[in-house]
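To keep things clear, I will list the structure first and then write my remarks on it.
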Amino acid sequence: MSSTVILGTGSYAPERILTNDDLAHTVETSDEWIRTRTGIRERRIAAPGESTSDMAVHAARRALVDAGVNPAEIDLLIVATITPDLPMPACACLVQAKLGVPSTAACFDLNAACSGFVFALDTAAAMIGSGRYRRALIIGAEKLSAIVDWQDRTTCVLFGDGAGAAVLAPSPGAGRGFIGAQLGTLGESADLLFIPRGGSSAPSTAESIAARDHCIRMKGKEVFKLAVRAMDDAAREILEHHHVRPDQIALVIPHQANLRIIEAISEYLELPMDRFFVNVDRYGNTSAASIPLALDEARRAGRIRPGDLTLLVSFGAGLTYGSALVRW
Ligand code: UT7
């Protein structure tokens, strides 16, 4: 197995900003409640007609430029998303056509919710490691504004839209790039965070749509507890497996769901908050886009230097969780 390096990253956030005060005009909430319970101040909302694939393409183009790679070189394209433009075909096929990725490329979607990017990274690294793929484009992109129940204050204040991408290639030498990942799934808790209707077991009806059962439903408190435990376990396991101490991590890129979850992980790992990249205040929870958006912002802000060891750690619907170690 050859190892994998990240050649470049890119991200995109739609222009429109929805603040906590804006939300307080439509549901019974307040800037104070949202900030103190979640750390979120504002989130981005896609323009009318702007799709998940459009956002994915913006992020991908920036990652390709950063990597110095042409779309024609891509032979593997994975879009991690729970909000594909259409139920069928995969969002990755639409992204392929818009970017001009060749027909010989394998293009598919991956649904691991907020853990989607970490799952896509491990999948792409394994496929590159097999020697059969040479240039992978992995994207996390979400238009969660399309599946949020805007009348449910317990969820609508949490989510936002955006995209992030990375270009991967076989590593020219040892010691740099993707080191490993630790993925996990708690399928017995699937009903804590799900969309009740609109799938094949319960197609939407006029009544279910009126009841907004095609939107996200979440038992927030239960998810919060499992998120903290699973992210802490995933982080610990990968560090132990690769004989890395927490203080050797230059920067953690956690899933951006709630600042209090990130603070709890910081406490459990005994790693100060200045080693955690946080942008949940500006974007809210963008599910599969959250980690690649944060990763790209961290790189562009100079928070990741050559030789740095970074830890990605995620948790989401499924319930899924995962961690990955990358040396830059
Ligand atoms: O990315 C996938 C993973 N998802 C997550 O990680 C989300 C995990 N969960 C959370 O982040 C938190 O549980 C929430 C932010 C969703 C909720 O925070 P909480 O501290 O667990 O609050 P809670 O659900 O226990 O609600 C406390 C109170 C309730 O009122 P009562 O029953 O105490 O009278 C809620 O009705 O706050 C009320 N509440 C709100 N009040 C104002 C719930 N949502 C709101 C709101 N504005 N938006």
Side-chain angles (χ1 to χ4, degrees), residues 18-43 80-83 111-119 140-145 147-162 164 183-187 189-195 215-235 252-266 268 276 278-281 283-294 312-323:
L18 184 70
T19 66
N20 293 345
D21 285 333
D22 294 334
L23 278 165
H25 288 116
T26 55
V27 287
E28 208 183 318
T29 189
S30 65
D31 173 56
E32 207 261 335
W33 191 95
I34 303 171
R35 264 190 303 103
T36 52
R37 299 284 176 135
T38 72
I40 300 168
R41 292 172 182 273
E42 59 190 39
R43 69 287 292 140
T81 186
I82 53 166
T83 49
N111 178 341
C114 307
S115 301
F117 187 80
V118 174
F119 276 53
E142 301 284 13
K143 186 175 171 177
L144 297 175
S145 60
I147 59 164
V148 157
D149 179 349
W150 290 103
Q151 295 180 34
D152 175 9
R153 70 172 183 172
T154 68
T155 52
C156 76
V157 302
L158 304 174
F159 299 104
D161 301 335
L183 309 181
T185 311
L186 308 166
S189 299
D191 64 347
L192 295 183
L193 176 49
F194 75 131
I195 296 176
C215 296
I216 297 175
R217 299 280 178 249
M218 178 168 71
K219 296 194 177 104
K221 250 198 192 333
E222 286 95 324
V223 172
F224 188 102
K225 284 184 217 146
L226 284 174
V228 171
R229 195 178 335 135
M231 285 171 79
D232 180 48
D233 285 351
V252 182
I253 313 282
H255 171 48
Q256 311 281 320
N258 187 322
L259 182 61
R260 289 190 294 137
I261 294 179
I262 300 173
E263 285 170 345
I265 312 287
S266 149
Y268 287 165
F276 286 73
V278 174
N279 64 6
V280 69
D281 51 326
Y283 300 114
N285 181 347
T286 58
S287 189
S290 145
I291 286 184
L293 184 55
L312 317 185
V313 59
S314 69
F315 182 85
L319 301 169
T320 57
Y321 62 93
S323 55

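Numbers for residues simply follow the sequence, beginning at 1. Counting convention: from 1, in listed order, for ligands and their atoms alike.
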Provide, line by line, the atom pairs where ligand 1 and the protein bring an N/O atom each to a distance under 3.5 Å; else say none.
residue	atom	partner	partner atom	Å
ligand 1	1 (O)	His255	NE2	2.9
ligand 1	1 (O)	Asn285	ND2	2.6
ligand 1	9 (N)	Gly220	O	3.0
ligand 1	11 (O)	Asn258	ND2	2.7
ligand 1	13 (O)	Gly220	O	3.1
ligand 1	20 (O)	Arg37	NH1	2.9
ligand 1	20 (O)	Arg260	NH2	3.0
ligand 1	21 (O)	Lys221	NZ	3.4
ligand 1	22 (O)	Arg37	NH1	3.4
ligand 1	25 (O)	Lys221	NZ	2.9
ligand 1	36 (O)	Arg153	NH2	3.0
ligand 1	37 (O)	Trp33	NE1	3.3
ligand 1	41 (N)	Trp33	NE1	3.4
ligand 1	41 (N)	Arg153	NH1	3.4
ligand 1	47 (N)	Thr29	OG1	2.6
ligand 1	48 (N)	Thr29	OG1	3.1
ligand 1	48 (N)	Arg153	O	2.8

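- Between Tyr321 and Val118, the closest side-chain pair of non-hydrogen atoms is not below 4.5 Å.
- Checked by atom type, the side-chain pair Glu142/Ser287 shows a donor-acceptor distance below 3.5 Å.
- Using a 4.0 Å cut-off between charged side-chain N and carboxylate O, Arg217 and Asp149 make a salt bridge.
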N/O donor to acceptor pairs below 3.5 angstrom from side-chain atoms of residues 252-262, sequence neighbours left out:
residue	atom	partner	partner atom	Å
His255	ND1	Ser290	OG	2.9
His255	NE2	Asn285	OD1	3.4
Gln256	OE1	Asn279	N	2.9
Gln256	OE1	Val280	N	3.1
Gln256	NE2	Pro254	O	2.9
Gln256	NE2	Phe277	O	2.9
Asn258	OD1	Arg260	N	2.8
Asn258	ND2	Arg37	O	2.9
Arg260	NE	Arg37	O	2.8
Arg260	NH2	Arg37	O	3.1

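- In this structure Asp233 satisfies the side chain to side chain contact (heavy atoms under 4.5 Å, CB included) test together with Arg229, Glu237, sequence neighbours excluded.
- Checked against side-chain hydrogen bond (donor to acceptor under 3.5 Å, both in side chains), Thr155 has the following partners two or more places apart in sequence or in another chain: Asp152.
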